[in-house]
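All of these numbers come straight from a predicted model, not from anything done at the bench. In listed order, ligands and their atoms are each counted from 1. Sequence positions, counted from 1, serve as the residue numbers for this chain.
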Amino acid sequence: MIETVMPTYARNKIGFEKGSGCWLYGTDGKAYLDAGSGIAVNSLGHSHPKLIEALTEQAGQIWHTSNLYRIPIQERLASLLVQHTFADTVFFTNSGAEAVECAVKTARKFWHHKGQPARNQIITLNQSFHGRTLGMISAAGNEKLTRGFAPLLPGFVQVEPNDLVAVEKEIGEHTAAILIEPILGEGGILPLDDLYLKKLRLLCDSTGTLLIVDEIQTGMGRTGKLFAHEFAGISPDIMAIAKGIGGGFPIGACLATEQAAIGMTVGSHGSTFGGNPLACAVGCAVMEIIANNDMLHHVRTVARDFRQQLESLIGSHPDIFEEIRGEGLMLGIKCKVPNSAVIEACFNQQLLTIIGGDNVVRILPPLIIDQEDATEIVKRLDKAAEHIRVTQDA
Ligand SMILES: *Cc1c(COP(=O)(O)O)cnc(C)c1O
């Protein structure tokens, strides 16, 4: 008989009943070190007192009113996001996929508004991931996501990441926008080169094409900048965010410049729950903590030392690990043995890591992690690698 929860996930048999900082306490009575943050979501770790306070305080006031009415806390979060980014305006969603959907709709509507509705194609990257709606699996075009779900949505074409010539060949009179992740997350922590991003921006400028960045995983301080596109010194026209902004509460957002959002007028888009007071109260608390030089400085400092330790770990296990890539606390370990075996070995060391494409293990600890817990991650990775070697030799 089918499970009562639809069996679409390969779940671990352990669940967690409590969390604190970088630690999770399992139903098996053991403490686990969290180097996954619920897939880059628990940006401030578990049970952060400021987030508990924000949520419970809001819960005692008002939960939901719908977007038929003004939502002051939503306006406050929008202002915080606008203050700290390229954007002039924000649409709130409940998830990442919805945020990218809104970004694509905004780009298409822009050209419709300009009287060029045929400019509706979106260029995306191979190995990218933008969520699981029909629109977003069509956008990524990855067979693993799309198999069995045809017909897909037309209007998306994929090119190889970091290949400017491929974009130049594809871009044309039908191109509305280019949609990229500055570091491909699910794809296996594949960073786009700064120079590529700079040239992509120039190409967009010279052709009028809109640049959409999906910073759902890279954003909210994860890389050591508030948003990863800042490393390349570029600014997008539209940006999707989610994951880290809620610190564990579901919320996403589509940010845009005033120009790019020109078609998003009354009635053009909506969401019953999007920008709900509970979500926005938490979002404000997260923004106030992360969008601040101390926190970003902390991420860069911890990450520098952590990265060095991880590099020497690779040196000690050249038969198990190949390389470390990524930025800040968005790191990937490319493996020489199956990544699933490494993740299992880590789990047995009570270390939680996340699978990624290209045989990568993702290391995405809470941004609040200290030097001691970072060192503990490396120790446990070391033990896991040692264990894999022993089992292989046996
Ligand atoms: C997780 C993720 C999404 C999808 O977010 P959901 O909240 O699962 O819909 C989209 N894009 C990127 C880059 C992601 O990492």
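- Each of the following atoms of ligand 1 lies closer than 4.0 Å to a heavy atom of A97: 4 (C), 5 (O), 6 (P), 9 (O).
- Below 3.5 Å of separation, one finds no N or O of G131 facing any N or O of ligand 1.
- Between F16 and Y32, the ring centre distance stays below 6.0 Å.
- Near S95, meaning under 4.0 Å from any of its heavy atoms, are these atoms of ligand 1: 7 (O), 9 (O).
- Between H317 and F321, the ring planes lie perpendicular to each other; the angle is over 60°, past the 30° to 60° tilted range.
- The atoms of ligand 1 that sit less than 4.0 Å from any heavy atom of D214 are 10 (C), 11 (N), 12 (C), 13 (C).
- Ligand 1 has no N or O atom lying under 3.5 Å from any N or O atom of V100, backbone or side chain.
- Residue contact check: H130 has heavy atoms under 4.0 Å from atoms 10 (C), 11 (N) of ligand 1.
- In the vicinity of E181, heavy-atom distances shorter than 4.0 Å reach the ligand 1 atoms 13 (C).
- Here is the list of ligand 1 atoms found below 4.0 Å of a heavy atom in K243: 1 (C), 2 (C), 3 (C), 14 (C), 15 (O).
- Residues S95 and E98 have side chains that bring a donor and an acceptor to within less than 3.5 angstrom of each other.
- For atom 8 (O) of ligand 1, the nearest protein heavy atom lies 4.0 Å away or farther.
- Residues V299 and L226 share a single hydrophobic cluster, defined by chaining ILVMFWY side chains whose heavy atoms lie under 4.5 Å apart.
- Between E53 and K50, no side-chain nitrogen of the basic residue sits less than 4.0 Å from a carboxylate oxygen of the acidic one, so the salt-bridge criterion is not met.
- A side-chain contact (heavy atoms from CB on, under 4.5 Å) with Q74 holds for exactly one of N67, V90, N276; it is N67.
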